[in-house]
Each structure stands twice: as structure tokens, then as C-alpha cells.
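Computed from a prediction, not measured in an experiment: that's the story for all the values here.
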Amino acid sequence: MIILVTGAAGPTGQAITGYFQRNGHTVIGVDKDDVDLLDRAAVQDLAARIEGEHGRVDGVVHLVGGWRGSKTFADTDLDDWTVLHDLLVRTLQHVSLAFEPLLRKSDNGRFVIVSAKAAQQPTAGGACYAAAKAASEAWTLSLADALKDTGSAATILVIKALVNDAMKAAKPEAAFAGYTHVDALAEAVAGLYERPAHEINGTRLDLTL
């Protein structure tokens, strides 16, 4: 399979990239130093290069994220919304619009975003973050509708937060209750290929349950 991972340089991207590579798949990992995902033309060029080399894409795992918040609702800084909109929504729009045609060419393609329970259960100080996550979910569900008559699917994986080995080593006393380990997330992404596209297309899979 041909898998594109955006936001590949971080611990989560490394976990997912490593998982698919170990299982014999071709992984194209990009980060901000490789492609500016806020530049739609640059993303279109990336899609064109992948199509020219591989003819299709079988997976897009979109991991670009970030978090900003405030102590109270009234303290919300709308500059945080601007930042989070670009990170969580605009990059998703550019990537999904560029790669939807390539996913349509796959017999078993998957488009995946990682969302948070905050999208459905916002806190007073997390309004900008929750709203951006909710917008990214709605956009992904629109992509799912576009893919409904194909062999591909768009799915939302829902977490509380992510944890990796470095975080655990830095805070050995912390329980990280309800957190999803990046290796478990990688396995969850891979598991989407074991289920029929129509079964998972347009769904929110809660990994905290």
C-alpha cells in the first residue's frame, strides 16, 4: 500500500510511519519542513508527484495538530482560533481536497484524522480548540460522503490525549489515565484496513472506550 502521513516528524507520526514500514508498505512522510500544508498549490504538487510515481494513494493519515486554551471562557484569545484554524482545519482542507481523487483510485483507501473528545464535550477554556476539532470532524464527514460509493473510507479516531514512551519516561509517576499510546493509535489506523470501507466510512471511533 501507498500511505501518506502528514505531520510525520513527531512521535505520533513516527509511530504510524514505523508501523506501516515494518509491515512492508510504502510510506511517504511529510512535515512542515517538507511541504507547507497551508500552501494549497504546494499540496496539489505533492499529490501530483505521488500520483505520477504511484498512480494512487491507499491511505492518508493527517496528524497535523496543536492545542491552545485559556483559564476561563472570558479569557479566550481569538488569536488562538486563528492559529488552530490553520493547523487543524486549513491543512486538512488542503490535504483532503488534493488527495480525494487519488483515494478514489484505491480499492481499499483510508483517510484518517485524530480528533478529541473535546469536540463533543468542550470546556470553558478550550472553546477555540474544541471548535476547530469539531470543524475538522465535519469536514472529514463531508469527505466520507464523497467517498461513499468507492472502496475508500474517511474515518475519525477519537482520543482524550496521546502519550508516548518519552512522556512516560519523563513522568514515571503519572498515570496518563484515558490517554492513548501512539503505538496503539498506529494499530488502530492499521485495523481500519481489516474492516469493509462502508462499515467505517463516516464514523467516529472512540479509542478511549
Side-chain angles (χ1 to χ4, degrees), residues 1-37 43 46-47 50 54 57-68 84 87-89 91-92 94-96 98-99 102-103 106 108-119 129 132-133 136-137 140 143 152-195 197 200 203-209:
M1 294 192 297
I2 312 300
I3 310 292
L4 171 69
V5 179
T6 58
T12 307
Q14 291 173 9
I16 292 175
T17 297
Y19 186 96
F20 280 99
Q21 286 177 334
R22 288 192 300 273
N23 285 276
H25 303 295
T26 298
V27 181
I28 302 160
V30 298
D31 207 78
K32 59 184 179 181
D33 292 334
D34 304 304
V35 179
D36 180 5
L37 298 182
V43 179
L46 174 65
I50 293 175
H54 302 286
V57 69
D58 302 304
V60 178
V61 186
H62 187 64
L63 300 176
V64 178
W67 187 88
R68 289 195 177 191
L84 292 172
L87 287 172
L88 303 180
V89 182
T91 63
L92 169 64
H94 289 169
V95 171
S96 59
F99 283 91
L102 277 70
L103 285 166
S106 173
N108 194 32
R110 299 291 182 267
F111 188 99
V112 186
I113 68 164
V114 179
S115 190
K117 295 183 79 68
Y129 177 74
K133 280 295 189 184
S136 68
E137 288 196 11
T140 302
L143 171 61
S152 294
T155 306
I156 300 161
L157 299 182
V158 181
I159 61 166
K160 174 182 177 181
L162 291 168
V163 65
N164 56 63
D165 289 342
M167 292 168 61
K168 287 189 170 185
K171 295 184 177 181
E173 74 288 351
F176 295 103
Y179 283 43
T180 300
H181 196 282
V182 292
D183 291 341
L185 178 67
E187 292 176 1
V189 172
L192 297 175
Y193 288 91
E194 299 172 2
R195 300 172 62 179
I200 57 172
T203 60
R204 301 174 72 253
L205 302 181
D206 193 337
L207 302 185
T208 69
L209 298 178

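With hydrogens and angles ignored, the 3.5 Å screen pairs no side-chain donor or acceptor of Q14 with any backbone N or O of A8. Under a 3.5 Å cut-off, the side chain of T208 and the backbone N or O of K160 do not form any donor-acceptor pair.
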Item to check | Derivation of the side chain to side chain contact (heavy atoms under 4.5 Å, CB included) call for R195 and L205 | outcome: CA-CA 13 Å; R195 300 172 62 179; L205 302 181; 3.9 Å; yes

Next on the checklist: Under the criterion side chain to side chain contact (heavy atoms under 4.5 Å, CB included), I'd like the reasoning laid out for I16 against L185: C-alpha separation, chi angles, the key distance, then a yes or no.
Outcome noted: CA-CA 8 Å; I16 292 175; L185 178 67; 4.2 Å; yes

Checklist entry - Stepwise, does the side chain to side chain contact (heavy atoms under 4.5 Å, CB included) test hold for V163 with K168? => result CA-CA 7 Å; V163 65; K168 287 189 170 185; 3.9 Å; yes

Checklist entry - Passes side chain to side chain contact (heavy atoms under 4.5 Å, CB included), Q21 versus I3? Steps please. => result CA-CA 9 Å; Q21 286 177 334; I3 310 292; over 6 Å; no

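Remark: I28 CD1 to T17 OG1 distance equals 10.5 Å, nearest 0.5 Å. Atom CG of L207 is separated from atom CD1 of I159 by 7.5 Å, given to the nearest 0.5 angstrom. Note: D36 CG to L46 CG = 12.0 Å, rounded to the nearest 0.5 Å. To the nearest 0.5 Å, atoms CG (L143) and CG (L103) are separated by 7.0 Å. Of the inter-residue distances, the one linking I113 atom CD1 with L88 atom CG reads 9.0 Å to the nearest 0.5 angstrom. Separating the OG1 atom in T26 from the CZ atom in F20 is a distance of 12.0 Å, to the nearest 0.5 Å.
Minimum heavy-atom separation, S106 to V57: CB-O, 3.4 Å. In this structure, A15 and A186 approach most closely via the heavy-atom pair O-CB, 3.8 Å. Nearest approach of H94 to V43, heavy atoms of both residues: O-CG1, 3.6 Å. Nearest heavy atom pair, residue S152 against residue N108, reads OG-C, 4.4 Å. Annotation for G66 and L87: closest pair CA-CD1, 4.2 Å, computed over non-hydrogen atoms. Of all the heavy atoms in I200 and A153, the pair that sits closest is CG1-CB, 3.9 Å.
Under the side chain to side chain contact (heavy atoms under 4.5 Å, CB included) criterion, N23 pairs with Y19, H25, sequence neighbours left out. Applying the side chain to side chain contact (heavy atoms under 4.5 Å, CB included) rule to R204 yields the partners Q120, E137, I156, V158; only residues at least two apart in sequence or on another chain are considered. Taking T12 as the reference, nothing meets the side chain to side chain donor-acceptor pair (under 3.5 Å) condition, with sequence neighbours excluded. Every side chain to side chain contact (heavy atoms under 4.5 Å, CB included) that K171 has, sequence neighbours left out, goes to E173, A174, F176. N164 pairs by the side chain to side chain contact (heavy atoms under 4.5 Å, CB included) definition with P11, A166, M167, V182, not counting sequence neighbours. Taking the salt bridge (Lys or Arg N to Asp or Glu O under 4.0 Å) definition, one finds that D34 meets it with nothing, sequence neighbours left out.
Using the six-membered ring where Trp is involved, F111 and H62 have ring planes that are parallel, under 30° apart on the 30 and 60° scheme.
The closest side-chain heavy-atom distance from V61 to R110 is not below 4.5 Å. Residues F99 and I50 have side chains in contact (heavy-atom distance under 4.5 Å, counting atoms from C-beta outward). A 4.5 Å side-chain heavy-atom check between T91 and T6 finds every atom pair outside the cut-off.
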